[in-house]
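In what follows, a single structure is set out as structure tokens and then discussed.
First listed ligand is number 1; within each ligand, the first listed atom is number 1. The shown structure was predicted, so the numbers you read here are calculated from the model rather than taken from an experiment.
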Amino acid sequence: MSLFNVYPLNPIAITKAAGSRVWDDQGQEYLDMYGGHAVISIGHTHPYWVKRIEDQLHAIAFYSNSVVMPIQEELATAINELSGKKDFQLFLCNSGAEANENAMKLASFHTGRKKIIAFKKSFHGRTSLAVAATDNPSIVAPVNETDNIIFLPLNDVLALENCFATMGHEIAAVIVEGIQGVAGIYEASTIFLQAIRKHCDGAGAVYIADSVQCGYGRSGQFFAHDIAGVDADIYSMAKGMGNGFPIGAILITPHIQAKFGLLGTTFGGNPLACAAALAVIEVIQKENLIQAAAENGAFLIHALENTPGVKTVRGRGLMIGFEMEAGLEEIRKVLLNEMKVFTGEAKPNVIRLLPSLAITKQDIDLFLNRLNIAIQHLKQTPA
Ligand SMILES: Cc1ncc(COP(=O)(O)O)c(C=O)c1O
């Protein structure tokens, strides 16, 4: 095999998918509670999404950002409308890391400053500045190490206040996930997000809301950060935005002014990606998926809280993490291998649920049923 071996892979070849189901090359069906890492927003191979991409392919797949592209403007208007961030400006790129990289770079250009506040256990991506702002030294290469990132504890209003009091004039930006994903589903509190807004305003710093995983309706609101009732200056987005078609973006407050050459990309905002993203928004609206995420998520969280064997449950909407009681830590393996259910994980023992926002109530019941069987199985035959 000649692939660069960086992923610990499940020995399963997924070759077909529809809605919240996937099939392997042997025809075995699986229930997908993982959504390919929070990417599947409207459901695998949604027919409307497939058709819109297909139609776009026949018209034009790519041209560079040297010409006017009406489909980009159409997407910007649709995001303004769905997100409620009416006057915000859209810059399109290709991934979550790239979105955060551009967000932090823009904040630095805008303020003329270098320091960025990030939080313990955060994950912002693997490009140079995004990985430097990620609290995981094992994925930071020596060349990415920098003194410009300050890590503070999440939800510690006092630590934030102290940091701004001592060096507020040096801070370009604060970057925060509305709900930390890779960390194991930890929510930023409302008062903490409000404090970030206040201190950024006071010091002239930029509030960056990393919405790559928790955004695009997953939390039951378009942006998870919206729970605090204050706007960020920049929202980064990716994952659910294209339902699997690679696309990322930042949504930028009207008071940050664009200048030619400030940001740029070859592939970002290509017509094919925009068609995929427009299809996602149109389906979210037509099928009322943000409300569905809120309702189905609340139901699933409540059911998990009442499942014997489940120790703790965290999260909002369809971004859920739970931990099992002692002796049941192998539950993910049993769910996958025996109950044919894909879930996500966060080390050491958090099971993450990030299903399609279009998952049906029947599939949620099916998951809960299989989870209960898996728990019984583990209780009878401990690993
Ligand atoms: C919160 C958050 N930000 C950024 C990223 C990076 O996104 P990408 O893998 O598309 O570069 C991720 C990916 O998991 C993420 O969860």
(message) I'd like to know if Glu98 contacts ligand 1, where contact means a heavy-atom distance under 4.0 Å to any ligand atom.
(response) no
(message) How far is atom 9 (O) of ligand 1 from the closest protein heavy atom, and which atom is that?
(response) Lys239 NZ, 4.6 Å
(request) Can you sort out which atoms of ligand 1 are near Glu177, meaning under 4.0 Å from one of its heavy atoms? (result) 1 (C)
(message) If you take the centroid of each ring, where Trp contributes its six-membered ring, are Phe267 and Phe62 closer together than 6.0 Å?
(response) yes
(message) How far is atom 15 (C) of ligand 1 from the closest protein heavy atom, and which atom is that?
(response) Phe123 CD2, 3.7 Å
(message) Between Glu338 and Lys340 (salt bridge meaning N to carboxylate O under 4.0 Å), is one present in this structure?
(response) no
(message) Are Phe367 and Phe342, when compared by the centres of their aromatic rings, separated by less than 6.0 Å?
(response) no
(request) Output yes when the distance from some N or O of ligand 1 to some N or O of Asp210 is under 3.5 Å, and no in every other case. (result) yes
(message) Can you tell whether the side chains of Arg52 and Glu74 come within less than 4.0 Å, N to carboxylate O?
(response) yes
(message) With the threshold set at under 4.0 angstrom, would you say His37 reaches ligand 1 through any of its heavy atoms?
(response) yes
(message) Considering non-hydrogen atoms of the protein only, which is the closest contact for atom 10 (O) of ligand 1, and what is the distance?
(response) Gly96 N, 2.8 Å
(request) Considering the heavy atoms of Gln213, write down every atom of ligand 1 situated less than 4.0 Å from one of them. (result) 16 (O)
(request) Could you say whether the N/O atoms of Val212 and ligand 1 ever approach to under 3.5 Å? (result) no
(request) Verify the ring-centre separation between Phe119 and Phe151: is it less than 6.0 angstrom? (result) no
(request) Taking atom CZ of Arg126 as the centre, report whether more than 12 heavy atoms of other residues, nucleotides or ligands fall under 6.0 Å from it. (result) no
(request) Assess Arg314 against Tyr186: is NZ or CZ under 6.0 Å from the centre of the six-membered ring, and within 45 degrees of the ring's axis? (result) yes
(message) So if I count the atoms of ligand 1 from 1 in the order they appear, which ones are less than 4.0 Å from some heavy atom of Asn100?
(response) 3 (N), 4 (C)
(message) Can you name the atoms of ligand 1, numbered from 1 with element, that are less than 4.0 Å from a heavy atom of His124?
(response) 3 (N), 4 (C)
(request) Examine Met319 and Leu31 and state if one hydrophobic cluster contains both, with Ile, Leu, Val, Met, Phe, Trp and Tyr joined whenever side-chain heavy atoms are less than 4.5 Å apart. (result) no
(request) State whether the shortest distance between N or O atoms of Ala97 and N or O atoms of ligand 1 falls below 3.5 angstrom. (result) yes
